[in-house]
S.K.: 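Structure incoming, see below.
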Protein chains: 2
Amino acid sequence: MEYAFSDKVLGLKASAIREILKFTSEPGVISFAAGNPAPEAFPSGDIAEITADIFSRDPVGALQYSVTEGYQPLRDAVKDMLASQHCFDSERDDLVITSGGQQASELACKVFLNEGDALICESPSFVGCMNAFRSYNAELVGIPLAEDGMELDKLEDALKTHPKAKLIYVIANFQNPTGLCTSFEKRKAIYELARRYNVMILEDNPYGDIRFEGEDIPSIKSLDTDGRVIYAGSFSKVLAPGMRVGFVSAPREVINKIVVCKQCSDVHTNILAQRICYDYLSEYDLKAHLEAIRPIYRRKCRLMLDCIKESFPECVSYTRPQGGLFIWVTLPDGADMLGFCKTAVEKYKVAVVPGTAFMTHESDPCCSFRLNYSTPTDENIEKGCRILGSLLKEMFGE
Amino acid sequence: MEYAFSDKVLGLKASAIREILKFTSEPGVISFAAGNPAPEAFPSGDIAEITADIFSRDPVGALQYSVTEGYQPLRDAVKDMLASQHCFDSERDDLVITSGGQQASELACKVFLNEGDALICESPSFVGCMNAFRSYNAELVGIPLAEDGMELDKLEDALKTHPKAKLIYVIANFQNPTGLCTSFEKRKAIYELARRYNVMILEDNPYGDIRFEGEDIPSIKSLDTDGRVIYAGSFSKVLAPGMRVGFVSAPREVINKIVVCKQCSDVHTNILAQRICYDYLSEYDLKAHLEAIRPIYRRKCRLMLDCIKESFPECVSYTRPQGGLFIWVTLPDGADMLGFCKTAVEKYKVAVVPGTAFMTHESDPCCSFRLNYSTPTDENIEKGCRILGSLLKEMFGE
């Protein structure tokens with residue numbers, strides 16, 4: 001039978017990186033291609049204890065249907081947490097619990113974008129959310145990313161030339177895939193441009209709590225006087241991603257629309273997972289937990305940076321993240337990046353993600369690839385970097 | 001600030017029933033308005049045990065990111081279960097775990113419908129899925145529902161007059177809101193019409209396992225020789241809805257597209273909940289559990305039917321379900337159904353759902369309301385029906 005699929009999914013063509021990623025599950029492959037938080041950072045014992053306690057106190061409450069907005073005590077706890085970071089204004093905002101941060105971004109797009117409207121994002125940016133935006137037939141407009149955030153003149157050009165731009169999507173902290181942060185100055189400038197051209201901002205902050213060096217930078221949401229910033233966060237990197245618990249804070253009118261759309265999507269987020277998060281926030285010490293897990297990421301990141309320094313040729317450059325999960329490596333201009341990634345995994349069994357996956361248009365030129373340091377073991381970080389270094393030298397010289 | 005929302009969410013206007021439903025959480029209100037399975041039917045103790053066991057065996061596996069398609073052992077177990085019911089053809093079909101049955105229907109719509117395409121459904125039908133379809137700007141075409149399923153001549157008319165119809169949405173077993181089943185003859189006829197007019201069928205079967213009277217009727221999916229039926233199911237009514245675990249079985253090409261869309265929505269379904277379902281299927285006896293819970297629903301349904309018979313006036317009619325969660329009560333032609341529902345909850349503190357909520361267009365004429373018997377206590381079923389009966393007699397006579 002011939003299926004007449006919607007133009008929404010016809011646009012979502014299978015990505016070239018799938019070919020590479022499918023090798024990562026093969027035995028013996030060292031994968032730097034994942035986006036997983038470090039498993040040793042999960043408070044597994046605490047979560048097991050909390051869960052047993054919930055089932056002994058209120059099994060029906062942990063298993064019955066719940067409300068779309070989310071478990072009220074968790075909503076209140078997250079509101080308090082965000083209010084203390086100036087990311088929630090109790091006069092203006094409301095908050096809904098989502099099924100991971102990804103759902104927050106998808107719903108924000110659905111609520112604001114008609115087909116053919118434009119969404120402005122960093123280029124490169126997170127492929128998962130870009131695909132979500134594409135799945136609503138949004139036109140993605142990529143703004144080149146400098147060390148300190150989007151290039152502002154390019155952002156203004158895009159706002160001028162795309163009157164149907166509705167949202168600017170920003171990952172301001174330890175961006176996926178680059179690991180870069182947007183500076184405070186640029187956060188202010190992006191907000192001012194959003195005001196001038198009357199567009200909304202979707203600030204996605206899944207990695208902000210995983211800062212292991214330097215000082216926190218105030219969020220764009222904390223600068224918001226108009227009510228034009230939608231702020232998405234997640235428990236995926238601070239507790240555990242398999243639970244799929246995130247949240248979105250935005251002006252009440254926006255949250256009302258997000259709730260209607262979430263009801264259509266999955267009715268509500270798994271209630272046991274929401275209660276686990278609440279009990280963790282209320283009965284355990286999240287701050288102490290974060291203090292304890294940041295050194296895990298710091299150590300792994302430094303180990304990988306040290307190995308890169310030792311093994312990679314001078315002709316490649318790379319970011320030096322102060323948090324998050326990723327390093328972004330850039331080959332010399334014109335280098336055959338895809339060929340490198342392919343050879344690395346097929347011949348040498350080391351998987352990285354080709355940078356094209358993160359471009360606004362996969363055909364945009366890109367000589368970079370993404371490395372993840374949180375998932376592999378120390379031994380594999382060392383071994384994998386040596387292997388990549390040899391191949392880099394072989395293909396691109398010193 | 002004025003927000004320029006998308007036309008997708010502008011169409012989803014707050015429903016008149018919200019006004020009524022918001023009373024149901026007030027103290028002293030007897031609610032027949034829920035759609036919750038009976039909490040005494042949850043295998044809570046077993047689920048608590050399974051969960052503790054999973055955390056002791058594989059805490060990281062229960063908390064780390066997982067694949068979009070779903071937990072492989074659960075996928076295999078559900079495929080086997082569906083294959084034995086002829087709802088999965090291992091040559092042709094694939095299966096993905098979804099975040100509840102609702103997500104399966106939402107994604108099926110997203111995969112097939114462009115904006116303005118038509119989706120044909122029973123009228124009345126399940127408001128949650130209709131809203132999901134509306135949120136993609138699908139044109140809903142409602143087909144009047146007879147005792148034994150959609151009126152076939154009306155269905156054929158709709159197929160003739162709506163060349164942009166892509167999907168027929170059918171809840172063939174114990175339909176929400178009516179509790180009615182589509183007969184085997186009509187299932188065959190609906191399938192033949194779908195062939196003739198080359199449209200897909202989305203068969204949503206959340207209630208099929210809760211049959212407490214009569215004989216199982218083969219699914220439309222079991223008749224599918226072309227690969228035009230998408231079959232959605234759920235653990236919500238057989239294990240517990242708060243876990244949000246459902247599944248969808250369809251030809252491989254369709255599942256591939258659903259997977260891409262699910263990845264955009266929530267990456268994957270809560271992995272602990274998937275593992276709980278798998279362990280329940282593999283280590284416990286689901287058949288025995290279903291045998292044990294069906295009498296709970298049978299008893300509650302009969303109790304409500306007995307109370308209706310005793311208290312309601314002759315001028316109202318109602319369905320006599322053989323399974324599921326709902327009874328559909330119809331007032332005399334021209335009766336002020338909304339006024340009745342409003343008075344019942346505001347003055348007499350008994351909540352029911354006005355039938356307009358389930359119409360393809362909320363302005364369609366409707367003299368019916370929905371009653372749920374699985375959630376209220378026996379005492380409240382008796383008391384609530386007496387109160388409704390008095391008000392019905394007062395408003396509409398004997």
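So that the names make sense, note that chain A is the first sequence line, chain B the second, and so on, each numbered from 1.
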S.K.: Just one of Ser44(B), Pro39(B), Pro43(B) clears the side chain to side chain contact (heavy atoms under 4.5 Å, CB included) bar with Pro59(A), so which one?
M.R.: Ser44(B)

S.K.: Using 0.5 Å steps for rounding, measure from the CG atom of Leu12(B) to the SG atom of Cys264(A).
M.R.: 5.5 Å

S.K.: Would you say that Met200(A) contacts Tyr3(B) through its side chain, given a criterion of any heavy-atom pair below 4.5 Å between the two side chains?
M.R.: yes

S.K.: With a 4.5 angstrom heavy-atom cut-off, could you sort out which part of Met130(A) is near chain B: side chain, backbone, both or neither?
M.R.: neither

S.K.: Among Pro251(A), Gly61(A), Cys129(A), who wins on heavy-atom pairs under 4.5 Å with chain B?
M.R.: Pro251(A)

S.K.: Find the one option among Val111(A), Ile271(A), Asn256(A) whose heavy-atom pairs under 4.5 Å with chain B are most numerous.
M.R.: Val111(A)

S.K.: Is it the side chain or the backbone of Asp117(A) that comes within 4.5 Å of chain B heavy atoms, both, or neither?
M.R.: neither

S.K.: Within the side chain of Lys8(A), is there an N or O that forms a donor-acceptor pair under 3.5 Å with the backbone of Leu113(B)?
M.R.: yes

S.K.: Compute whether any side-chain donor of one residue and acceptor of the other, for Lys110(A) and Ser6(B), lie under 3.5 angstrom apart.
M.R.: no

S.K.: Would you mind checking which part of Thr51(A) comes under 4.5 Å of any heavy atom in chain B, side chain (CB onward), backbone (N, CA, C, O), both or neither?
M.R.: side chain

S.K.: Using non-hydrogen atoms only, which part of Asn198(B) is less than 4.5 Å away from chain A: side chain, backbone, both, or neither?
M.R.: side chain

S.K.: Side-chain contact test, heavy atoms from C-beta onward, threshold under 4.5 Å: evaluate it for Glu49(B) versus Phe55(A) and give yes or no.
M.R.: no

S.K.: What do you reckon, is OH of Tyr278(B) surrounded by more than 12 foreign heavy atoms closer than 6.0 Å?
M.R.: no

S.K.: Decide yes or no for Leu272(A) and Met243(B): does some side-chain heavy atom of the first lie under 4.5 Å from some side-chain heavy atom of the second?
M.R.: no

S.K.: Counting only non-hydrogen atoms closer than 4.5 Å, does Val254(A) touch chain B with its backbone (N, CA, C, O), its side chain (CB onward), both, or neither?
M.R.: both

S.K.: Specify the closest pair of heavy atoms between Gly227(B) and Met1(A), including all atoms of both residues, with the distance to one decimal.
M.R.: O-SD, 3.7 Å

S.K.: Between Asp7(B), Leu107(B), Asn114(B), who has the most heavy-atom pairs with chain A when the cutoff is under 4.5 Å?
M.R.: Asn114(B)

S.K.: Report which part of Arg228(A) has an atom under 4.5 Å of a heavy atom belonging to chain B: side chain, backbone, both, or neither.
M.R.: both

S.K.: Does the Asp266(B) side chain pair with the main chain of Gln103(A), one donor and one acceptor, at a distance under 3.5 Å?
M.R.: no

S.K.: Between Gln64(A) and Pro37(B), is there a donor-acceptor pair closer than 3.5 Å when you use the side chain of the first and the backbone of the second?
M.R.: yes

S.K.: Where on Ala48(A) is there a heavy atom nearer than 4.5 Å to chain B: the side chain, the backbone, both, or neither?
M.R.: both

S.K.: Would you say Asn131(A) and Gln263(B) make side-chain contact, with heavy atoms under 4.5 Å?
M.R.: no

S.K.: Using non-hydrogen atoms only, which part of Phe5(B) is less than 4.5 Å away from chain A: side chain, backbone, both, or neither?
M.R.: both

S.K.: Side chain, backbone, both or neither: which part of Tyr65(A) has an atom under 4.5 Å from a heavy atom of chain B?
M.R.: both

S.K.: Hey, does Val9(B) have a side-chain heavy atom less than 4.5 Å from the side chain of Val260(A)?
M.R.: no

S.K.: Any side-chain heavy atom of His268(A) sitting closer than 4.5 Å to one from Gln102(B)?
M.R.: no

S.K.: Any heavy-atom pair between the side chains of Arg244(B) and Arg244(A) that's under 4.5 Å?
M.R.: no

S.K.: Side chain, backbone, both or neither: which part of Thr269(A) has an atom under 4.5 Å from a heavy atom of chain B?
M.R.: backbone

